[in-house]
Amino acid sequence: MEYDFRKIEQEWQLRWKENKVYKVLNDYAKPKYYVLDMFPYPSGAGLHVGHPLGYIASDIYSRYKRLKGFNVLHPMGYDSFGLPAEQYALETGQHPAVTTQKNIATFRSQLDKIGFSYDWDREVRTSDPGYYKWTQWIFLLIFDSWYNQITNKAERIDSLQIIFESEGNIHHASPGDKALQFSAGQWASFAESRQQEILMHYRLAFSSYGEVNWCEALGTVLANDEVVNGVSERGGYPVEKKKMRQWYLRITDYADRLLEGLDRIEFSDAMKEMQKNWIGRSQGAEMVFAIKGHAQPLGVYTTRPDTIFGVDFMVVAPEHELVPMITTSGQKEEIEKYLAYVKSRSERERLAEVKQITGCFTGAYAINPFNGREIPVCIAEYVLAGYGTGAIMAVPCGDQRDFLFANHFKIPITNIIGDHFNGEEANPTKEAILQHSGFLNGLLMKDAIEVAVNKIEELRIGKRKINYRMRDAGFSRQRYWGEPFPIVWSDGIAIPLGAEELPVELPHVDKYGPGPNGEGPLANMEDWVHLTPNSSPEEKTMAPEDPGNEIKNPLAGPGSPLFWKGGGEVKRETSTMPGYAGSSWYFLRYMDPGNNELFCDRKASDYWGQVDIYIGGTEHAVGNLLYSRLWTKILFDLGYVGHDEPFKKLVNQGMIQGSSRFVYRLNCKLYFGSDEEIAKDSYPLFIIPKSVADKIDNSTIRRQIEQEIEMYFDANFDNSPLRMVRIEGMSPLHIDVNLVDGVELNVEAYKKKQPNVDFLLLEEDGKYICGVETEKMSKSKYNTVNPNDLVDKYGADTFRMYEMFLGPIEQSKPWDTKGIEGVHRFLRKLWRLFYDDQKGKVWTDHKPTDAELKVLHRTIKKIDEDTERFSFNTAVSTFMICVNDLADLKCHKKEILEPLLFLLSPYAPHISAELCSLLGSGISPVGEDAPGSVYPVFNPALLVESFKEYPVSINGKVRTNINIALDITPADVEQIVLQNDIVQKWLEGKAPKKIIYVKNKMVNVVI
RNA sequence: GCCCAUGUGGCGGAAUUGGUAGACGCAGCAGACUCAAAAUCUGCCAUUCGCAAGGAUGUGAAGGUUCGAUUCCUUUCGUGGGCACCA
C-alpha cells in the first residue's frame, strides 16, 4: 500500500468540510485561545509561496492548542477594499466588486488546498455591506465621542454638552482651537450651528480643513505611509500639499496610552521601536520670547531649556502667522522672495535636499527673557510649521542645523559648553558644565534642564510641555472603493445618519475617475449625493414634510440637536474611508460574525478577549497595528469591549524572497551577403552561458562566439547567407523559475515557450546553468512559485512541513524549491513504518521496548517545547530524527506510532488522520473524534539515565569521552578522570591545577 | 545621521540557561539492490597537516571577561529593515 497523498488529502478535506469539523462555537465554558492571521488583500496575482508561511504557522499552533483542549478561534477573511482594485477598474472598466469577488475565489481555492483549519462560517470581507455597516457604525460612535483629558478616556459627546451648559469650556480647552474660551452663559447663547462647529473641534472623529498629500496623477489623497520620498508609493507620482476638507481621527489624544500599552504586550523590540518612533514623544518646554516693538510674543518649543543662554537667533517656519506682522519694510522684499522660493519647491525637492540650509532675516529682534539680549528673528525651511509652535530658539553650539544656519548667515556663536564645542560642528551633549549661562552657570546640562524649566514656570513665561511627532490620522480618501461615510452635510454642519440608515451602501458607478475639485468619484453621482424630497424612492424616510421621519442619530441620545429637520440642501459626504478602517476592528467581528444588533456582543468579546497570537508581516507595523490599537482603546473607553489592547502577542513572519533565474541573451548584429534578405524569424536569438557572458568584453571570447554563430549558419543553411557578425554585448533576462531545476535550465521546456532561441557554447553535456539573484517575489520577475503546483506534486502535508522547515518563522529567506524532496521523503518513510510497498501492513500490537518509548517521549518533549516557542523548523527536524530512529529500531508498534501521529497532526493533518484511521482505534487527531485527553503526555521517568558519556576537556579542549555514573561524588569523578589514559597522556606526569565538574554537562581538567 | 535586526560548511539552517560547534535537510561523492531506470538502503562529507594514529585552525574581524565564549562585554566591518530637517 503506497502513500497516495492526492487521494488521502482530497478525501479528508472533503470529509472535514462536510462534517464541519472546524466549526467554532462560542462555548463560554471552555478555555479559549485566539490565533489570528493578518487577513490578506485579495490581489489579482493570487497567492505565492510567501503568503502561506504565516498561515501555516498559525494553523499548526491552532491545531496544537485545540488538541490540548482549548476552544480555538482561528478565522480568516479578506481586506477587500483598497486602491489596487480601483486602479484596475480605471484601466479596464471592470467593477472592483467583480474583480474582488473573482480574486477572493482564487485565494480561497488556493487556501483550501493547503488544508487549513479555518472556520469559514466566520469569514469577513471588509467590502461586504453586512460588514461595513458596522465599520460605519463604529465611525459614528467615534464621531459621537470626545477625549476627556481629566478622566483620561473617551466619553460620549453629550457629557461634554452637559459640561458646557454648566461651566463652559474652562476645564476643557478645545483641541482644535486652543484660544477658544466661553462660559456657560455664552454657550447657551450660541446658535446651534456655532455649537456644532465647536463640538466638531472636540470629536474623536472630526472634519477639518487640513493639508493633505495630494497626488494629481492618482487624483487622490494619500496617507503619509503611502508617500515615499515625496512621491506616491504606488506609481511614483509627485505629491504636493493641498488644503482640503478631510475627516480625521484624533489619535494624538491617545499618544501616551498607545506608548504605555506597548509595555503590556509582546511585540518584538523592532516593532515596538517603530511604533515609538512613529508616535515620537518628546519632553520639553514651551516658552515665549518678546519681540521688540510688537505686542504679540513668539512662542517656541524646546527640549533643551538648559541651553537658553546659548540662543543666538530665532527661526520660525515660513508659513508662521507672525511672519507678515514682524517683517520690517527693509526686509520685506527679501522675505517675499524667499517665501516665493519655498512655495515653488515641491515636497520632493525639499526632501531631496535635506540639510541644505536656506533662510532669510525678517528684520525683527526677539528679546531673551533671561539676559535681555536682542537676537535676530529669521525664517527657514528647516523649521516645520506643523510641529511644536512652528518656531525654535536656535542654539548653534548645540544643534547642527542651527550651527550650519549661523555659519551660513555669519551670526556669531555663543559657546556655553566650553571644550565640548570645537567650533567646527555642534555638539548636542547633555554632559557639559554650563558656562556664560547666568543662573545656570556651573551646572551639568542634564541637571540644568529641570532648573531652567522651573524658572520658566516661575517667571510665567512658559511651561513644561510634551510634544508628539504623530499627527491626527487622516480618515477620508477621495476614492471610490471604500466605505461611504454615514454623514450628510447641511449648511456646513455634518449630520450623522441614524443606525437604522446603515449600511450606507456604496452605489454602483460606471466611471471611477475623480469628481470635480478633486473630490472622490462618488461626487459624480448627482442623484446619490443630493438628498432632496422624493429624489430617490428608497430615501423616502428623509422626506422633510413628515416630522416623524427626521434623520435622527440614536447614538446621540434623546433631545440631541443633531438631526436634520428638513429643508435646505442636504448633500452626502462623498469621500470614503481609508483602507485601515475595516481592518481596525475585524478581529472583533470574527468573534460574533452573524450579529445583526451590534458589531460584536460584549459577552463574545469578553470570552474571546485579546488575540493571543497575531501572525503577520512587518509591513503593517505602523498602519494596521497602530490603528487597531486605537480603535480598541476607544471601544474600551466607551464600554464596548473589556480589554484595551487587541493583541497580546505578535509574531512577525519573515519575507520569503524570490530566487530569480537568468539567461544571458547575446546582443549582436548579423550582416548578410546575398541580396535576398533572409527572414528575421529564420535565425534565432542566441543565449550564452553565464561564464561566457561574464567575459563578454574579452576579445578572444568574442571571436569564439562569432565562430560559433558562423558554424550555426553553416549547419542550418545550404548556402550560409551570413557575411559578418558583430557582438555588442549581452543582456540578462529573467526566466520563469518553474523552468529551472535548481540552477539548471530545462532547455527543452524553455525552447517550447521561446521557440526562437538557440544556445551557444554549452558544456558538452548540453546543460545550461542559470544566473541567480535574490529579489522580491513578483510576477514581473518570473520568480513566483504558486503553492498549487507544489501541493499537486508533493501534497499539502509535504508543502506545509517544507515551508516550516525553511528556517525560523521570523527570518526572511529566499525560496528554494529543491529541498522539498527531503521533506516528502520523510513522510514516505513515516508511511513505511505502517505500510510497506511490498509487504503491506507492517504495524503491530506488540509491546514497545524501553528504547522505543525513550524515542517517543524524547520527541513528545521536544515537539511540545518547539511548538510553544514557534520553533517550527526544529520541530520538523525532531520528527525526522524520530522517524529515523524508529526505522533504525525497526519499530512498527501501534503503541508508539499512534501517539506520534497525534504529535504530527498539527503539522501534517492529512497523513496523520489517514494513518490513525487505519490503525483502527476510532480516535482521530483531527476533528470531531479528537478529545484533548489523547494528546500524548511526556513522561520524564522514561528518559532517566544512570550514566552519561561526559566530554572531558583539557584546558577547555575536548580530548576524550568517559562514561560516568550520574550519582557519584565529584571526588569519585576526579578519580575516574585522572586515571584515564588520554588524560594521563596530556598531564605528562604533572598534577592538574584544577578540575571542573558540572554534573550532567562536562568535565574540564586545567593543567 | 539615528534606531532595530543580523553575520556559523557548497546551500537552508541547529546548538533553548556560558559547557562536545555544524543536529536535521539539500547538494555532492562512493557503494548495495536492479537487465536498466526510478524508488530504497549503506557509508563519507568545515578547512588543513598526516598513510594512519593523531594534531592544528575554525561561528564576519580585532580585543576582553572566564577553567571554558557561536552565546557575555568593548571596538570595528558587511548585510537587511525602519525612521529621518521633529527643535
Side-chain angles (χ1 to χ4, degrees), chain A residues 2 229 268-278 280-282 284 300-304 307 315 350-351 353-357 380-384 386-395 398-402 404-405 428 467-470 618-619 621-622 652 654-655 657 742-743 802 805-808 810-823 825-826 828-829 832 836-838 862 865-866 868-869 871 873-881 884 887 949-961 992-998 1000-1007:
Chain A
E2 274 191 345
N229 291 329
S268 67
D269 288 345
M271 191 60 54
K272 287 186 179 179
E273 203 59 36
M274 274 187 237
Q275 295 218 345
K276 277 182 194 159
N277 280 340
W278 186 259
R281 184 182 201 268
S282 77
V300 298
Y301 173 70
T302 179
T303 54
R304 297 296 302 274
T307 62
V315 188
R350 284 182 66 161
L351 281 166
E353 294 167 28
V354 168
K355 307 278 184 238
Q356 275 252 346
I357 295 294
E381 261 187 317
Y382 78 88
V383 174
L384 308 175
Y387 185 76
T389 61
I392 62 159
M393 51 180 232
V395 183
D399 183 290
Q400 188 59 17
R401 291 155 304 167
D402 297 347
L404 290 171
F405 190 92
N467 260 330
Y468 301 94
R469 182 161 35 218
M470 182 170 65
T618 48
E619 65 272 19
V622 285
N652 285 118
M655 227 197 356
Q657 291 139 329
V743 290
Y802 182 56
F805 191 55
L806 283 174
E810 269 139 322
Q811 230 166 67
S812 286
K813 54 237 153 189
W815 177 262
D816 175 19
T817 301
K818 201 100 207 210
I820 199 170
E821 301 270 0
V823 175
R825 249 171 248 158
F826 152 74
R828 281 208 309 258
K829 193 166 180 178
R832 285 199 305 274
D836 189 280
D837 290 359
Q838 275 89 48
K862 189 83 166 73
E865 288 167 359
D866 285 353
E868 280 296 352
R869 68 188 175 109
S871 180
N873 57 327
T874 53
V876 175
S877 297
T878 303
F879 283 122
M880 289 173 168
I881 293 167
N884 288 347
E949 184 95 344
Y950 279 90
V952 177
S953 27
I954 316 287
N955 286 339
K957 283 208 183 272
V958 180
R959 297 299 176 182
T960 185
N961 289 301
K993 271 188 196 146
K994 205 199 242 178
I995 295 175
I996 291 139
Y997 162 65
V998 184
N1000 215 359
K1001 291 281 185 198
M1002 43 59 73
V1003 182
N1004 189 15
V1005 181
V1006 186
I1007 299 170

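All chains are named by letter (A, B, ...) in the order of the sequence lines, taking the proteins before the strands, and each is independently numbered beginning at 1. Worth saying up front: this structure is predicted, and the values here are computed from it rather than measured. Heavy-atom basis, side chains included; hydrogens, waters and symmetry copies ignored.
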**Q.** Nearest-angstrom distance from the residue atom CD of Gln657(A) to C1' of rU79(B)
**A.** 11 Å
Q) For Glu865(A), what residues pass the salt bridge (Lys or Arg N to Asp or Glu O under 4.0 Å) criterion, not counting sequence neighbours? A) Lys861(A)
Q: Whole angstrom is fine here: how far is it from CE in Met470(A) over to C1' in rA84(B)?
A: 18 Å
Q | Partners meeting side-chain hydrogen bond (donor to acceptor under 3.5 Å, both in side chains) with Ser268(A) (sequence neighbours left out) | A | none
**Q.** side-chain hydrogen bond (donor to acceptor under 3.5 Å, both in side chains) against Lys276(A), all qualifying residues, sequence neighbours excluded
**A.** none
Q.
From CE of Met271(A) over to P of rC83(B), roughly how many Å is that when rounded to an integer?
A. 11 Å
(Q) Taking only the C1' atom of each, what is the distance from rG50(B) to rC11(B) in whole angstrom? (A) 30 Å
(Q) With a 6.0 Å cut-off (strictly less than), is the heavy-atom count around CD of Glu868(A), excluding the residue itself, greater than 12? (A) yes
(Q) Checking Arg304(A) now: which residues fulfil salt bridge (Lys or Arg N to Asp or Glu O under 4.0 Å) with it, not counting sequence neighbours? (A) Asp306(A)
Q: Please name all residues satisfying ring-ring contact (aromatic ring centres under 6.0 Å, His included) with Tyr997(A), sequence neighbours left out, ordered by chain then number.
A: Tyr950(A)
Q: Would you mind reading off the distance between Arg304(A) atom CZ and rC86(B) atom P, rounded to a whole angstrom?
A: 14 Å
Q. Got a sec, which residues hit side-chain hydrogen bond (donor to acceptor under 3.5 Å, both in side chains) with Glu821(A), two or more places apart in sequence or on another chain?
A. Tyr794(A)
Q) Expressed in whole Å, how much space separates the P atoms belonging to rA69(B) and rA56(B)? A) 15 Å
Q: Using atom CH2 of Trp278(A) as one end and atom C1' of rA84(B) as the other, report the distance to the nearest whole Å.
A: 12 Å
Q | d(CD, Glu810(A); P, rC4(B)) in whole Å | A | 18 Å
Q | Interatomic distance where CE belongs to Met274(A) and P belongs to rC2(B) [whole Å] | A | 19 Å
Q. When the distance from CG of Asn1000(A) to C1' of rG19(B) is rounded to whole Å, what number comes out?
A. 11 Å
Q) So what does Lys957(A) hit on the nucleic acid, given a heavy-atom distance under 4.0 Å: a base, only sugar-phosphate, or nothing? A) sugar-phosphate
Q. In whole Å, what separates the P atom of rG7(B) from that of rC72(B)?
A. 11 Å
Q) Just to confirm, is there a sub-4.0 Å distance from OP1 or OP2 of rA87(B) to any side-chain nitrogen or oxygen of Tyr301(A)? A) no
Q.
Base, sugar-phosphate or nothing for Arg959(A)? Non-hydrogen atoms, less than 4.0 Å.
A. sugar-phosphate
Q: Report the residues that fulfil ring-ring contact (aromatic ring centres under 6.0 Å, His included) with Tyr387(A), sequence neighbours left out, ordered by chain and then residue number.
A: none
Between the protein and nucleotides 37-43 of chain B, list the N/O to N/O atom pairs that are separated by less than 3.5 angstrom.
residue, atom, partner, partner atom, Å
rA39(B), O3', Arg828(A), NH2, 3.2
rU40(B), OP1, Arg828(A), NH2, 2.7
rU40(B), O3', Arg832(A), NH2, 3.2
rC41(B), OP1, Arg832(A), NH2, 3.3

Q | Test side-chain hydrogen bond (donor to acceptor under 3.5 Å, both in side chains) applied to Thr874(A) - qualifying residues, sequence neighbours left out | A | Asp866(A), Ser871(A)
**Q.** Between rU8(B) and rA14(B) - P atom distance, rounded Å
**A.** 11 Å
Q) Using atom P of each nucleotide, how far apart are rA30(B) and rU79(B) to the nearest Å? A) 39 Å
Protein-nucleic acid N or O pairs under 3.5 Å, nucleotides 66-73 of chain B:
residue, atom, partner, partner atom, Å
rC67(B), O2', Asn1004(A), ND2, 3.2
rC67(B), O2, Asn1004(A), ND2, 2.6

Could you list all N or O pairs between the protein and nucleotides 11-16 of chain B that sit under 3.5 Å apart?
residue, atom, partner, partner atom, Å
rG12(B), O2', Leu806(A), O, 2.6
rG13(B), OP1, Gln811(A), OE1, 3.2
rG13(B), O3', Asn873(A), ND2, 3.3
rA14(B), OP1, Asn873(A), ND2, 3.0
rU16(B), O4, Lys862(A), NZ, 3.0

Q) Using atom P of each nucleotide, how far apart are rC26(B) and rG13(B) to the nearest Å? A) 16 Å
Q.
Please compare Ala391(A) and Asp269(A) by the position of their nearest nucleotide in RNA chain B and report the one closer to 5'.
A. Asp269(A)
Q: Under the salt bridge (Lys or Arg N to Asp or Glu O under 4.0 Å) rule, collect the residues that match up with Arg281(A), sequence neighbours excluded.
A: Asp256(A)
